[in-house]
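Below you'll find the structure, written out as structure tokens, and then a few comments.
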Amino acid sequence: MTTRVLTGTGRAKARRAADGTAAEGAARAGLTARGVIYLLVGVLALQIAFGTGSREADRSGALEELADKPFGSVLLWALGIGLVGMALWRLSEAVFGAVGPDGRKAKKRLASAARCVFYAFVAYSVLAFAVSPGNGSGGSSDQQSRDVTARLMEAPAGRWLVGAVGVGIVVAGVVMGVQAARRSYRKKLKTGELAPWSRRLVDVTGIAGGVARGLVFAVAGAFAVRAAVDYQPDRAKGLDDTLRSFADTPLGPRLLVLVAAGLVLFGVFSFCLARWRRV
């Protein structure tokens with residue numbers, strides 16, 4: 001009986017810690033760090049659209065851009081620590097459940113666990129770059145995408161696996177865009193703290209930024225599906241090549257400008273979430 005009581009007490013304490021100020025601080029730091037990355041990627045993509053960019057519009061390019069700023073090393077460490085906070089926050093959601101009436105459902109917890117793994121990897125790459133900027137951030141997203149696709153295709157039924165992953169990314173992108181257009185993010189906001197101007201800011205950045213982000217994901221997934229169909233790993237594209245592909249459409253660089261501006265807005269939206277999201 002005593003063991004059960006102690007176990008229950010331990011779980012209660014862990015739950016309070018996950019719901020406390022430490023977890024909230026980690027979440028808000030993580031959302032801010034995510035915003036910085038999307039903001040920088042969007043700016044780099046805009047530079048490419050206007051023919052003035054020399055860096056790749058992906059995480060590696062964003063980190064290189066940040067490293068060149070005054071106190072760049074400090075900024076990189078702050079960014080990496082913020083992303084560690086994001087991973088820990090998602091881990092707490094996977095273990096204890098997320099905000100909302102359905103936050104403890106298995107589907108939500110699995111999604112949080114996947115986000116935890118993703119942000120843990122991103123945090124590691126950022127911190128590794130902060131430790132040794134000269135060694136890069138693990139390579140460009142384009143090369144990483146081609147390498148991963150090639151390795152997957154070497155596995156049994158690898159071609160089908162790549163196709164399935166590509167379809168999954170397309171679906172995820174569509175869901176992101178639809179949820180943004182439907183303003184689903186409002187369910188997790190502290191609406192009572194939003195003034196009219198801040199509500200408009202959240203809606204403009206949330207809709208435009210979310211739709212742009214979803215479009216980028218969907219197009220990247222489509223390239224993965226094409227690589228599987230053609231059995232050519234080189235057809236898979238990372239973030240930089242995916243963004244550049246928008247300039248190859250009939251709309252030309254104008255579409256890339258719109259998508260890049262959308263990513264900048266999603267960065268601002270992440271800052272808004274860091275301020276007004278319920279955690």
Side-chain angles (χ1 to χ4, degrees), residues 24-50 53 57-59 61-63 65-66 69 75 78-79 82-83 85-86 89-90 93 98-100 111-112 115 118-119 122 126 169 172-220 239-240 242-243 246 251 253-279:
E24 182 174 352
R28 302 200 187 287
L31 289 167
T32 301
R34 185 184 73 174
V36 170
I37 291 177
Y38 272 99
L39 187 65
L40 290 174
V41 169
V43 169
L44 291 173
L46 283 173
Q47 292 175 352
I48 291 172
F50 290 114
D58 57 13
R59 186 173 66 251
L63 296 182
E65 186 75 14
L66 202 59
K69 303 300 180 186
L75 294 174
L79 187 66
L83 290 168
M86 174 73 93
W89 171 43
R90 294 305 189 183
E93 287 188 333
V99 171
S112 293
R115 292 188 181 104
F118 172 76
Y119 282 110
V122 176
V126 172
I169 296 173
V174 172
V175 170
M176 288 177 188
V178 171
Q179 288 182 338
R182 296 177 62 182
R183 305 178 190 180
S184 299
Y185 52 81
R186 284 186 171 183
K187 300 175 183 177
K188 298 179 181 179
L189 292 176
K190 298 178 179 179
T191 53
E193 297 183 10
L194 291 173
W197 69 268
S198 56
R199 188 182 296 272
R200 286 193 295 272
L201 175 64
V202 170
D203 281 341
V204 169
T205 58
I207 295 173
V211 169
R213 180 187 182 221
L215 179 61
V216 172
F217 268 76
V219 172
L239 179 56
D240 179 70
T242 299
L243 287 170
F246 288 109
L251 291 177
R254 287 173 293 182
L255 180 57
L256 176 55
V257 169
L258 290 175
V259 175
L263 294 182
V264 170
L265 290 176
F266 187 80
V268 177
F269 176 66
S270 294
F271 299 150
C272 292
L273 291 182
R275 171 62 180 84
W276 291 298
R277 193 188 193 280
R278 289 187 291 114
V279 178

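Just so you know, residue 1 is the first one in the sequence shown, and it goes up from there. Side-chain atoms are counted along with the backbone in the values below, which use heavy atoms only and exclude waters and symmetry mates.
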With sequence neighbours excluded, what pairs up with [X] under the salt bridge (charged side-chain N to carboxylate O under 4.0 Å, His left out) test?
{"X": "R186", "result": "D203"}
{"X": "K69", "result": "E65"}
{"X": "R200", "result": "none"}
{"X": "R277", "result": "none"}

* Residue pair I48 / L243, side-chain heavy-atom distance below 4.5 Å ->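 Counting from C-beta outward, I48 and L243 never come under 4.5 Å.
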Can you name the side chain to side chain contact (heavy atoms under 4.5 Å, CB included) partners of [X], sequence neighbours left out?
{"X": "V175", "answer": "V171, Q179"}
{"X": "A212", "answer": "none"}
{"X": "A220", "answer": "T242"}

Can you list, pair by pair, the side-chain donor-acceptor contacts under 3.5 Å of residues 258-275, counting residues two or more places apart and other chains?
residue, atom, partner, partner atom, Å
S270, OG, R34, NE, 3.1
S270, OG, R34, NH2, 3.2
S270, OG, F266, O, 3.2
R275, NH1, E193, OE1, 3.2

* Does any pair with a residue in residues 190-215 pass ring-ring contact (aromatic ring centres under 6.0 Å, His included), and if so which ones, sequence neighbours excluded? ->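 Output for this query is empty, none listed.
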* **Set of residues satisfying side-chain hydrogen bond (donor to acceptor under 3.5 Å, both in side chains) with respect to R28, sequence neighbours excluded** =>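 Here the qualifying residues are E24.
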* To do: Could I get the full list of side-chain hydrogen bond (donor to acceptor under 3.5 Å, both in side chains) partners for T32, not counting sequence neighbours?
  =>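 side-chain hydrogen bond (donor to acceptor under 3.5 Å, both in side chains) list for T32, sorted by chain: empty.
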Could you list the donor-acceptor pairs under 3.5 angstrom formed between side-chain atoms of residues 36-47 and any protein atom two or more places apart in sequence or on another chain?
residue, atom, partner, partner atom, Å
Y38, OH, R213, NE, 3.0

* Does NZ in K187 sit with more than 12 non-hydrogen atoms of other residues, nucleotides or ligands closer than 6.0 Å? ->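 No, not enclosed.
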